[in-house]
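First up is the structure itself, then whatever we jot down about it.
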Amino acid sequence: MRTLHVCSELFPLLKTGGLADVAGALPLAQARHGVDARILLPGFPAIMAGLHDAREVAQLDTFAGPVRLLCGRTANGLTLFVIDAPLLYERPGNPYHDANQIAYADNPQRFAVLGWVAALLANGLDAQWQPEVVHGHDWHAGLAFAYLAALGRPAKSVFTIHNLAYQGVFPASFHAELALPAHFFDVHGVEYHGRISFMKAGIFFADRITTVSPSYAAEITTPEQGCGLDGLLRGRSTVLSGILNGVDDAIWNPAIDSLIPARYSAERMLGKAKCKTALQEACGLDVTSDKPLFAVVSRLTEQKGLHLVLACLKEITSRGGQVVVLGSGDAEMECAFSEAAASDPANVAMRIGYDEDFAHRIMAGSDVIMVPSRYEPCGLTQLYGLKYGALPLVRRVGGLADTVIDCTLENLADGCATGMVFDEFSVDGFAQGVRRAFALWSRPKDWKAVRSRAMSMDFGWDHAAIEYAGLYRVLLAAT
Ligand code: ADP
């Protein structure tokens, strides 16, 4: 089965969030399960730099100007189609916005071209390789599904929603510019409250819609979590399902991770103690094995619920815990965590920025990873926490609910608990989770049993690869 993934990020070349991890790992796992998966990306500088042995597939005159389509390989063996268009993509830093966090004004054209080229590839643009399935990810790929529909659906299509909150909504005037059929600007099409929505295009036109956890698939059909698209999603619920993301075991695995000070596994935990000491030293915290070390590795946005952590910092430190935060985003939150760290440097540390290597060292060195999200489509950090024996303290929502089992007495007795789960999105709700973490910490035997269970969980990509392959097969059989 030939599948073309369409997305805007790819680990390790370019990453702003979990989407990049998925794009980097899923196609490799799919190759193990009979899927010939390739990826179409915009030619951002980091992507161009990571492309090797490229051949030119085509030169195209598009509504956004001339582009060249290249096909090459990455160092780790992925085959990429890359849209080489310096005027659209040759900008340093973040792929979506400038250094002042202002979205690029030509984002409609930049990402419409991505969808346009995907549809052309499905229509036979490359004589050497034609996808049978186009699998687009998030709003950046949304228009691919409209263009496919306009071309008479030359391939089957799957649209995966990684985060419904980011929708790519632009003024209606762009509709004419983007070479979409006029009648697609309709409530049964790409129109969304008088504007054009890339996310809606994906949801409306794709043959199948998936999201990255079963719970999130259900949640987005409700007004609370539907971000204005719940009505449409309810209407398409028969083709909507959730497939959990996985973890790339070659990258996130404490037994072989060269980014951490010492390697360890559930059977040989000495290395984790060394990693904790090293992390405390690196952060200027009191070096002690007695205090549970709570960590955050996150974008600092409203979604992630980190104001709850801020409100409970005292609760954690007064009970004898320590906190380390790695994150960037919301300036007020960066400031608030920095101030908290300055006023109690022995117990609280804040590292502002995006640092992949340090994220590994935090997972290895901490005891608890906190993910108190308002909503969470899947969440990867809690999965990394499980693998590294940093017990997740999470809210019961989305993928967090699907991947962490609360340490209730019953679950402890059954030996299935893997972390702490709280329900209510409030300071009180989160504080209860914190208290449960301390209660477990005070019973070292139980703590070790839960940690061992957490580390044995299998969140490999093979499960997802098999499920997606099944989905493609059903679609192709319906031809
Ligand atoms: P989202 O995609 O909403 O940001 P996920 O949990 O799905 O959330 O994925 C986040 C990914 O980004 C994880 O791989 C996490 O380790 C990484 N990450 C987030 N913030 C940082 C940071 N400041 N430094 C390094 N890695 C980060």
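Atoms within a ligand are numbered from 1 in the order they appear, just like the ligands themselves. Keep in mind that what you see is a predicted model, and the values were worked out from it rather than measured.
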Query raised in the report: Does a donor on one side chain and an acceptor on the other come within less than 3.5 Å for Tyr472 and Glu467?
Result: no
Query raised in the report: Using a distance-only test with no angle check, is there a side-chain donor-acceptor pair under 3.5 angstrom linking Asn163 and Tyr375?
Result: yes
**Report entry** Salt bridge Asp357-Arg361, side-chain N to carboxylate O under 4.0 Å
**Finding:** no
Query raised in the report: Can you list the atoms of ligand 1 that are under 4.0 Å from a heavy atom of Asp21?
Result: 13 (C), 14 (O)
Query - Salt bridge Asp257-Arg263, side-chain N to carboxylate O under 4.0 Å - result: no
Query raised in the report: At what distance is the nearest protein heavy atom to atom 15 (C) of ligand 1, and which residue and atom is it?
Result: Thr381 CG2, 3.7 Å
Report summary line: heavy-atom search around atom 7 (O) of ligand 1 in the protein gives Leu380 N, 3.5 Å
Query - Region of His162 engaging ligand 1 - heavy atom pairs below 4.0 Å - result: neither
**Report entry** Protein contact of atom 12 (O) of ligand 1 - nearest heavy atom, named by residue and atom, plus distance
**Finding:** Lys15 CE, 3.6 Å
Report task. Assess Tyr384 for proximity to ligand 1: is some non-hydrogen atom of it under 4.0 Å away? Result -> yes
Query raised in the report: Got the closest protein heavy atom to atom 22 (C) of ligand 1, with its distance?
Result: Tyr354 CD1, 3.5 Å
Requested in this report: Report yes or no: does Gln382 have a heavy atom closer than 4.0 Å to ligand 1?
Outcome: no
Query raised in the report: Is the shortest distance from a heavy atom of Ser298 to ligand 1 less than 4.0 Å?
Result: yes
Query raised in the report: Hey, which atoms in ligand 1 end up nearer than 4.0 Å to a heavy atom of Gly327?
Result: 23 (N)
Query raised in the report: Which ligand 1 atoms, with their elements, are less than 4.0 angstrom from a heavy-atom of Gly17?
Result: 2 (O)
Query raised in the report: Does Glu376 pair with Arg395 as a salt bridge, N-O distance under 4.0 Å?
Result: no
Query - Per atom 8 (O) of ligand 1, closest listed option by heavy atom (His360, Arg299, Lys304) - result: Lys304
Query raised in the report: NE2/His5 to CG/Leu78 distance, rounded to the nearest 0.5 angstrom?
Result: 9.5 Å
Query raised in the report: For atom 24 (N) of ligand 1, what's the nearest protein heavy atom and its distance?
Result: Asp355 N, 3.0 Å
Query raised in the report: Is Val22 close to His162 at the side-chain level, that is, under 4.5 Å between some pair of heavy atoms?
Result: yes
Query raised in the report: Under 4.0 Å from any heavy atom of Gly18, which atoms of ligand 1 are there?
Result: 1 (P), 2 (O), 7 (O), 9 (O), 10 (C), 11 (C)
Report task. Decide, yes or no, whether a salt bridge links Asp98 with Arg91 under the criterion of side-chain N to carboxylate O below 4.0 Å. Result -> no
**Report entry** Side-chain donor or acceptor of Tyr264 paired with backbone N/O of Tyr388 under 3.5 Å
**Finding:** yes
Query raised in the report: Is the shortest distance from a Lys or Arg side-chain nitrogen in Asp344 or Lys314 to a carboxylate oxygen in the other one below 4.0 Å?
Result: no
Query raised in the report: So is Gly353 in contact with ligand 1, going by heavy-atom distances below 4.0 Å?
Result: yes
